[in-house]
Every structure is written in C-alpha cells, then in structure tokens.
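For reference, positions follow the sequence shown, starting with 1. Just follow the structure's listing: the first ligand is 1, and inside any ligand the first atom is 1. Nothing here was measured: the structure is a model prediction, and the numbers come from that model.
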Amino acid sequence: MNIIRRPRRNRQSAAIRDMVQETRLHPSDFIFPVFILEGQQVRSEVRSMPGIYRYSQDLLLDEIGRCLDLGITTFDLFPNLSESKKDKYATESHNPDGLYLQTVRAIKEKYPEATIMTDVAMDPYSSDGHDGLVENGQILNDETLEILGRMAVAQAQAGADIVGPSDMMDGRVSYLRQELDDAGFQNVAIMSYCAKYASAFYGPFRDALDSAPKFGDKKTYQMNPANRREALIEAELDTIEGADMLMVKPALAYLDIISLLRQNSNLPIAAYNVSGEYAMIKAAAQNGWLDGERAMMESLMAIKRAGADVILTYFAKEAAALLR
Ligand code: PBG
C-alpha cells in the first residue's frame, strides 16, 4: 500500500502518545465546589451525589486541608441552611455571624493560601427558592441587585477572593463591581456565571442544599438551552461590565458554548461540570455499566479541550488524586 501519511505512527507507543498529547489536566485547573452544613462533627452524603458530602465547618476545614495537599487551591462554597433561616429577602446571606460568612473567615484564617470563591445568588437563603426577589410570582431584577450587592460586599469582608454571581439577573456584574469597589475591594475578582442555562442537570445540587424553587422554574432568568448566539450577548455584556472570568454552565452538554466563548473572548473561560453530570457518571459506574474513573477523566479532558481554562467540578478531589 502506498500510504504516505500514517497518523498511527504518532500513536505507536505510550511515550510518543504522551509527547504529542495536546491537552493536559492539572489539579490547578480545578475549583472544588463544597457544601457546608450547620452543626458540629456532621458529615452527610448527598443522596444523589455519591461520594459528595455536606460538612459542618470543623470537618470542612479538615477536608480543605486534604484537598490542598492534593494540589487543589480553590474552593467554591455553598451553604445548606435550615428552612427557619430562610426568608423572602435572603437576609441570612449577609449575616456576618451566619454559617456561610463565618466559614469563609475560618477557612481563610486556617489556610491563608486557599483561594475562596463565594456564590452570589439568593436561592440557598430564599424561602421562595429562587435566585432573585419574588413579588407576585415575578422575579424582580433591579430590587434583587441591591440584595446581591450587600451579599457580595459581606462575602468580601469575610475574605472571599472571587465572587461568583450565579443568579443571572441583568446588570449584576457592573452593580457588584461598583459596590465592591466602593467598599474598598478592588482586588476581589468576579467570575460571572455568564452563559448559565435553565438545565435539568442541577437537580442533585438542589437536593444538596434543599434549594429547589417553591414554585415555577428559573426560565425567566436562566438561558434557553436552545440558544447559542445569546451566549455571545451575555459574554459581551459581562465583559463590558467588568467580569474577570466568564463561566459556562453546565459543561458537558454545552461544549460548543465553551468553544464559542473561547473563540470570542480573551478572558479566562471557566466551565461548571454540574451536579447532574457528576451523578450520571457515578450512577453508571456504581451499576458497573462504565469505568467511572476513565469516564471522569475523559469528561474533564473534553471540557478543557473545548476551551475551558478552569473547571468547577465535584470530581476535583478524585481527579487530583489520580493526576498525582
Ligand atoms: C443557583 C445555583 C445552582 C447551581 C449553582 N448555583 C442551581 C440552580 O441554578 O438552580 C448548580 C450547580 C450544580 O448543579 O452543580 N444559584
């Protein structure tokens, strides 16, 4: 056979394959989302996320220590609050002595080298279970911004390095930038949930926080999964408004959107490999239907190959341990 070009030559040994490998994962690519629970010495597994736990503050500190040892540097915190702490205005979100902000302070005190990302949205604190303020069944945009602003400044005061508005209200990036700057937090970065879709893949996360909406859905603020150009509109706005990093969420069903933003922006692109994506692989692996470790690494690689610089993933710890 007269075959001049033989791509298989570059696949013939592990050493050559390794040498020509185009994409590599590293523990510093990952942000580990972690769930905090009230109480002491409590560790409770999320029903729909095998291997993922909600920790009380004391045990979370130990867990963060273990993750730092594995090379994971950045953590995204989410609180599970009892129903009695929730109200219409998400008041608990800016209580400096509340579970969330106190935990941020405790982490930064014990591990100053850890980078802490905090979540800016009302849902974990809202008796309505929505990301914004609800009035007569409507989500009010501009009134929500004031609450988010107070939340973000309180998080910065507690020591947050990066705030992550996950609410999808219009104008929130510029509003938060202004509020943070006015309060003297010019160095606190904003990772905006830029293209965040109204997705079925958030189900297990809402189990973890008991934060499912009490009525309706999130389609008036989260994006329609059918839309691609709209992601460019969001990216343009968040960039003009001062975002430091843009996020696409979910990741696996939206690799085209990651790639699109990568090609159209010079900002770092993050992707959130969400709870449902984690649950799918875990469930199949537990059934013996696929090799969980390989499926995990292949998925993370695909997200990076699509153009993500940063991956928020519940697999962070497991993947970092494998990459060692
Ligand atoms: C809400 C928020 C959600 C997630 C992060 N922040 C869920 C939602 O929008 O209902 C989902 C993360 C995941 O599924 O892993 N502010």
Q) Polar-atom distance check: Tyr314 versus ligand 1, any N or O pair below 3.5 Å? A) yes
Just checking, any donor-acceptor pair under 3.5 angstrom between side chains of [X] and [Y]?
X: Glu230; Y: Asn224; value: no
X: Ser166; Y: Asp119; value: yes
X: Asp161; Y: Thr115; value: no

Between the candidates Lys249, Glu277, Met168, which shows the shortest non-hydrogen contact distance to atom 4 (C) of ligand 1?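 Shortest heavy-atom distance from atom 4 (C) of ligand 1: Lys249.
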Check: of His130, Lys196, Arg206, min heavy-atom distance to atom 2 (C) of ligand 1 comes from Lys196
Quick check on contacts: which atoms of ligand 1 are under 4.0 angstrom from a heavy atom of [X]?
X: Asp123; answer: 1 (C), 2 (C), 16 (N)
X: Gln222; answer: 8 (C), 9 (O)
X: Ala121; answer: 16 (N)

Should the pair Phe78 and Phe205 be assigned to parallel (<30°), tilted (30 to 60°) or perpendicular (>60°) ring geometry?
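Perpendicular: the ring planes of Phe78 and Phe205 meet at over 60°.
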Under 4.0 Å between heavy atoms, the region of Ser166 that gets near ligand 1 turns out to be both
Which segment of Asp131 sits under 4.0 Å of ligand 1 when only heavy atoms are counted
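For Asp131, the contact with ligand 1 is made by the side chain alone.
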Closest to atom 14 (O) of ligand 1 among protein heavy atoms sits Ser275 OG, 2.7 Å
### Message
Among all protein heavy atoms in this structure, tell me which lies nearest to atom 8 (C) of ligand 1, with the distance rounded to 0.1 Å.
### Response
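Protein heavy atom at minimum distance: Lys218 NZ, 3.3 Å.
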What residues, two or more places apart in sequence or in another chain, satisfy salt bridge (Lys or Arg N to Asp or Glu O under 4.0 Å) together with Glu318?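 Glu318 satisfies salt bridge (Lys or Arg N to Asp or Glu O under 4.0 Å) with Lys282 only.
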Which is it for Thr23 and Arg305 under the side-chain hydrogen bond (donor to acceptor under 3.5 Å, both in side chains) test, yes or no, and what are the steps along the way? CA-CA 6 Å; Thr23 310; Arg305 190 192 63 229; over 6 Å; no
Original post:
Can you find a non-hydrogen atom of Tyr272 under 4.0 Å from ligand 1?
Top reply: yes
Residues Met168 and Cys194: closest non-hydrogen pair is CE-O, 3.4 Å
Report task. Hey, could you give me each pair passing ring-ring contact (aromatic ring centres under 6.0 Å, His included) that has a residue in residues 246-275? Not counting sequence neighbours. Result ->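 Every ring-ring contact (aromatic ring centres under 6.0 Å, His included) pair that includes a residue of residues 246-275, provided the two are not neighbours, is Tyr197-Tyr254.
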